[in-house]
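Presented below is the structure to which this report refers.
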Number of protein chains: 2
Amino acid sequence: MVNVSEVVENFREFIKSKGLKYTPEREEILREILECKEHFDVDELYIKLKKRGSKVSKASIYRTIPLLIEAGYVQEVYKQNNRAYYEVVLNKMPHIHFICLNCKNVEEIEDERLVTLIKEYADQKGFTLLSYHLEVFGVCNNCRNEE
Amino acid sequence: MVNVSEVVENFREFIKSKGLKYTPEREEILREILECKEHFDVDELYIKLKKRGSKVSKASIYRTIPLLIEAGYVQEVYKQNNRAYYEVVLNKMPHIHFICLNCKNVEEIEDERLVTLIKEYADQKGFTLLSYHLEVFGVCNNCRNEE
DNA sequence: CTATATGCAAAACCTTTGCACGATA
DNA sequence: TATCGTGCAAAGGTTTTGCATATAG
């Protein structure tokens, strides 16, 4: 699992190295995101924070997420209903998303061979790999049987 | 290349099989989309249609695209500035995008092993494969050397 | 003739932004 | 104390929707 205090510390250094200010809001948002096991969107995050008694605004969330992405902790994975969904990428094996176009369900799979394959190409091209995501679109078993 | 009249005919059957009505607007939109070699968004499409003297409204485009997606001709590939970008998936080999986060360059690669791997999983899950795309983020060789 | 589609304009929605106030370094 | 961040509310821009009219079957 992710070592939360280590990440928090790294984030603080990241923020400072950019000449920005480390604020309680930014830390709250980071900590809450690190708790997310699944994909999340801004609204969900906002509600979770509210429930904990936090006073952060959505504006701050919208302004903090790009920093977390830049720091390499978070990644936007897809959009649905005009809403962006994110996930924590720390210590997470890159994975394949199987997205059903009918029921919109997203299933996640991890695969070693894919990792190998991509690394091979990256090496070949002299490409410094940061992250990636593979999205597969189709119709899931359930939906197909219902038709 | 895509056989346009064949696709148009298939789409007509698709529409009818759903008990919907086949209209000139729907066909105009389909034909225009089949002309798109690159990714496109609703606005671009609308402007192209206008230039040809078409009278279709954006509303109709927005209402037609989901049908084209359902029919399997079109796919949403990404969003940028809160705008959805689509592409025609007919006769297009699935591909890997290597995206350089520095210079924003996108390089496209086709790979057989990836196809095999995904088909394997899809079969396993009873997932009807329509399309997919793999995006790899990092820093390209040129940019790395410049730093 | 009936059910569905269209176009228009307004609404809905997520995200961004301006501004005054507050907090960090 | 200067700079940057925050919250609020309003703006911005894409997509959706209600409604009257038009059209397909």
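Scope of the values below: all heavy atoms of this structure, side chains included, with no hydrogens, waters or symmetry mates. Chain identifiers are assigned alphabetically (A, B, ...) following the order of the sequence lines, protein sequences preceding nucleic acid strands; residue numbering begins at 1 within each chain.
Recorded end-axis angle for the helix from C:dC1-D:dG25 to C:dA25-D:dT1 stands at 40°, based on five pairs per end and rounded to 10 degrees.
Applying the side chain to side chain contact (heavy atoms under 4.5 Å, CB included) criterion to A:Gln75, with sequence neighbours excluded, gives A:Val77, A:Val89, A:Ser131, A:His133. With sequence neighbours excluded, the residues forming a side chain to side chain contact (heavy atoms under 4.5 Å, CB included) with A:Val8 are A:Val4, A:Tyr22, A:Glu27, A:Leu30, A:Arg31, listed by chain and number. Applying the side-chain hydrogen bond (donor to acceptor under 3.5 Å, both in side chains) rule to A:Lys16 yields no partners; only residues at least two apart in sequence or on another chain are considered. Partners of A:Asn10 under the side-chain hydrogen bond (donor to acceptor under 3.5 Å, both in side chains) rule, at least two apart in sequence or in another chain, do not exist in this structure. Scored by the side-chain hydrogen bond (donor to acceptor under 3.5 Å, both in side chains) test, A:Arg26 finds no partners at all (sequence neighbours excluded). Every residue two or more places apart in sequence or in another chain that forms a side-chain hydrogen bond (donor to acceptor under 3.5 Å, both in side chains) with A:Asn82 is listed here: B:Lys79.
Residue pairs satisfying the side chain to side chain donor-acceptor pair (under 3.5 Å) criterion with at least one member in residues 116-125 of chain A, sequence neighbours excluded, are listed as follows: A:Glu120-B:Arg113, A:Tyr121-B:Asp111, A:Lys125-B:Glu107.
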Contact list (N/O, under 3.5 angstrom) for nucleotides 11-18 of chain C vs protein:
| unit_1 | atom_1 | unit_2 | atom_2 | d |
| --- | --- | --- | --- | --- |
| C:dC14 | OP1 | A:Arg83 | NH2 | 2.3 |
| C:dC14 | O3' | A:Asn82 | O | 3.0 |
| C:dT15 | OP1 | A:Ala84 | N | 3.0 |
| C:dT15 | OP2 | A:Tyr62 | OH | 2.3 |
| C:dT15 | O5' | A:Tyr62 | OH | 3.2 |

So which protein nitrogen or oxygen atoms get under 3.5 Å of nucleotides 21-24 of chain D's nitrogens or oxygens?
| unit_1 | atom_1 | unit_2 | atom_2 | d |
| --- | --- | --- | --- | --- |
| D:dA24 | N3 | B:Lys21 | NZ | 3.1 |

Under 3.5 Å, sequence neighbours excluded: what are the donor-acceptor pairs made by side chains of residues 46-56 of chain B?
| unit_1 | atom_1 | unit_2 | atom_2 | d |
| --- | --- | --- | --- | --- |
| B:Arg52 | NE | B:Glu32 | OE1 | 3.2 |
| B:Ser54 | OG | B:Glu28 | OE2 | 2.7 |
| B:Ser54 | OG | B:Val56 | N | 3.2 |

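Distances shown here put every side-chain N or O of B:Ser57 at or beyond 4.0 Å from the OP1 or OP2 atom of C:dT6.
Contacts between residues 46-53 of chain B and DNA chain C, counted as heavy-atom distances below 4.0 Å, involve no residue at all.
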